[in-house]
Enquirer: 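Quick one: this structure, given as structure tokens, is what I'll be asking you about.
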There are 2 protein chains.
Amino acid sequence: MKAGSAQWWRARYAARERQRPRAGGLELGRITRAALEIVDAEGLAALTMRRVAEEIGVRHTSLYRHVASRDELLVELVDHVLGEVVPQTTGRGWRADLEQAAWEFRRVLLAHPAIVPLLTLGQLLGPHALRGREFGLGLLTRAGWAPSRAVHIYLTVAHFVIGTALLGTGGAARGAEERTAMTELFAGLPQYPLVRELAEPLNIPDGDQEFDFGLTALLNGMGDPR
Amino acid sequence: MKAGSAQWWRARYAARERQRPRAGGLELGRITRAALEIVDAEGLAALTMRRVAEEIGVRHTSLYRHVASRDELLVELVDHVLGEVVPQTTGRGWRADLEQAAWEFRRVLLAHPAIVPLLTLGQLLGPHALRGREFGLGLLTRAGWAPSRAVHIYLTVAHFVIGTALLGTGGAARGAEERTAMTELFAGLPQYPLVRELAEPLNIPDGDQEFDFGLTALLNGMGDPR
DNA sequence: CAAACTATGCGTCCAATGGACGCATAACGC
DNA sequence: GCGTTATGCGTCCATTGGACGCATAGTTTG
């Protein structure tokens, strides 16, 4: 069964209820936490089962008691990260609430950039993902949006947040060597004059400005509920 | 040097000029083409150097003459795919052109869903990526948008396209078992009433509708140049 | 309180993978 | 025609994900 599919999640939820954890024993939370530390510090490539086990102080085969494969670990890791998202209502209307939630989501993704590509691994049906969905949909339906409309808005905003996080600041060149390498690169490619000319603005120091621009445009273009 | 960095791209472009390809010999194009076939048919996990080599009819170590590592192959593969994007001007104004380009970009990404997560691997500075940038920026500046504005719009739309492609149809359950597994899953989780209630609309059969909604809202909210 | 049960971690083992390195060779420019 | 050199091949190795059976300690039940 493919990790991350609806079927897999179903079995996973069932297994979580069935199990009786042991005191002092290993548990999923400790595994995903160790995995997240590694990924944050050294990137996705450094995340091996052996490395995770070492971090916990255990042989790597022990992990397979709690996670059937590395792919499963990655899927659980994603939901673990989504658990860091804590959206809150602002009391200033649905739009402010939605913007706040989007920024909060963005904050978490930027804090763990290495896991963003993992969002494709399977469907986002973990407990934390569902909590987020519930929050967003509640927000919009309470504001008076029709269900189908609420779904559209929710998905659109979520996808926008993920897309911007995935590409970071749009490929900004960080560091001195990167900057010089980039200008040298463009200097040798006269066929792209605009790219070279706009290289400076494309190197946005922080993508927050661009995120703000896009999110505002998105919400402006959506109108109001009825 | 990290594959996909500006420095790497610079060295890469230089190497490409320096080299004298040999008739009948292996070349980068054949490698990326074979890699793409494998990825499309069997997913990213099936893409091993040995598998690619087998497809071409060559020992896997031979590939390392043209590509220093698997990561480099992936970066090249991404640009190869971006080469399939062929945006065109419609003659019906900048907004129509931009929409057309966005749909074209989306079409290509959906045709090769497995490579979408790879868009994070490095900066998109390959020849095909730059061609796309040049097109988009040209479109917007010709329409009268100020440079900084053009950059923002370009990035926002690009990120939106990628975000929607990354999450596909928002986690729609495809196939009968997936659908039943999903309803069974929600049935056991009474704490998320809205998620369950809106499960049907969330399972959009094709994300095109949602994409259209988001893109329209985005462009509506941006106003006009000048 | 003792015995049965069972979840858990460990040891060992294996196949597949990414990659390094030196060598033979055949195509190209002169 | 000849040297140069890009190219592909053979061999080798460390690392990785994972399978499987076993010993053991915590929990439950009599």
Enquirer: Measure from CG on A/Leu63 to P on C/dG11 and round the result to the nearest Å.
Expert: 14 Å
Enquirer: May I ask you to list the residues of residues 32-47 of chain A, by number, that have any heavy atom positioned under 4.0 Å from an atom of DNA chain C?
Expert: none
Enquirer: Does the side chain of A/Glu210 pick up a donor-acceptor pair with the side chain of B/His159 at under 3.5 Å?
Expert: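 A/Glu210 vs B/His159: donor-acceptor pair found between side chains.
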Enquirer: Verify whether one side chain among B/Gln191 and A/Glu134 offers a donor that lies under 3.5 Å from an acceptor in the other.
Expert: no
Enquirer: Between A/Ser62 and C/dC10, does any side-chain N or O lie under 4.0 Å from OP1 or OP2?
Expert: yes
Enquirer: Send over the distance from A/His60 NE2 to C/dT8 C1', rounded to a whole Å.
Expert: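 So the NE2-C1' distance, A/His60 to C/dT8, works out to 16 Å.
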Enquirer: Under 3.5 Å, is there a donor-acceptor pair between the B/His128 and B/Glu84 side chains?
Expert: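 No.
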Enquirer: Atom CD1 of B/Ile56 and atom P of D/dG8: how far apart are they, to the nearest Å?
Expert: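 Rounded to whole Å, this separation is 9 Å.
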Enquirer: Across the strands shown, which category fits B/Arg70 at heavy-atom distances under 4.0 angstrom: base, sugar-phosphate, nothing?
Expert: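 It contacts sugar-phosphate atoms only.
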Enquirer: What is the separation between atom CD on B/Glu27 and atom P on C/dC28, rounded to the nearest whole Å?
Expert: 13 Å
Enquirer: What is the separation between atom CD on A/Glu54 and atom P on C/dG9, rounded to the nearest whole Å?
Expert: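 Spelled out: CD on A/Glu54 to P on C/dG9 is 17 Å.
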Enquirer: Any N/O pairs under 3.5 Å between the protein and nucleotides 20-22 of chain D? List them or say none.
Expert:
none

Enquirer: Let me know the distance between CZ of B/Arg50 and P of D/dG10, rounded to the nearest Å.
Expert: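 Going from CZ in B/Arg50 over to P in D/dG10 covers 13 Å.
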Enquirer: Determine, stepwise, if the pair A/Glu27 / A/Arg30 fulfils salt bridge (Lys or Arg N to Asp or Glu O under 4.0 Å).
Expert: CA-CA 6 Å; A/Glu27 60 181 351; A/Arg30 270 176 67 202; over 6 Å; no
Enquirer: What side-chain donor-acceptor pairs closer than 3.5 Å can you find for residues 32-39 of chain A, not counting sequence neighbours?
Expert:
residue	atom	partner	partner atom	Å
A/Thr32	OG1	A/Leu28	O	3.3
A/Thr32	OG1	A/Gly29	O	3.1
A/Thr32	OG1	A/His80	ND1	3.1

Enquirer: Answer yes if the side chains of A/Trp8 and A/Glu72 hold a donor-acceptor pair under 3.5 Å, and no otherwise.
Expert: yes
Enquirer: So, is B/His66 near the phosphate of D/dG8, with a side-chain N or O under 4.0 Å from OP1 or OP2?
Expert: yes
Enquirer: Among A/Arg107, A/Gln100, A/Arg106, which residue satisfies the side-chain hydrogen bond (donor to acceptor under 3.5 Å, both in side chains) criterion with A/Glu104?
Expert: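 Considering A/Arg107, A/Gln100, A/Arg106, a side-chain hydrogen bond (donor to acceptor under 3.5 Å, both in side chains) with A/Glu104 is found only for A/Arg107.
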Enquirer: Hey, can you tell me if B/Trp103 and B/Phe211 have their rings parallel, tilted or perpendicular (30° and 60° cut-offs)?
Expert: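 If you compare the ring of B/Trp103 with that of B/Phe211, the planes turn out perpendicular.
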Enquirer: Please report the distance, rounded to the nearest Å, between CZ in A/Arg59 and P in C/dG9.
Expert: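 For the pair A/Arg59 CZ and C/dG9 P, the rounded distance is 13 Å.
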Enquirer: For the pair A/Gln123 and B/Glu178, evaluate side-chain hydrogen bond (donor to acceptor under 3.5 Å, both in side chains) and give the outcome as yes or no after the intermediate values.
Expert: CA-CA 11 Å; A/Gln123 304 195 44; B/Glu178 280 287 286; 2.9 Å; yes
Enquirer: Rounded to whole Å, please give me the gap between CE in B/Met49 and P in C/dG18.
Expert: 7 Å
Enquirer: Using the side-chain heavy atoms of A/Thr48, tell me which of these nucleotides is nearest: D/dG18, D/dT16, C/dG18.
Expert: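 Closest nucleotide among those given: D/dT16.
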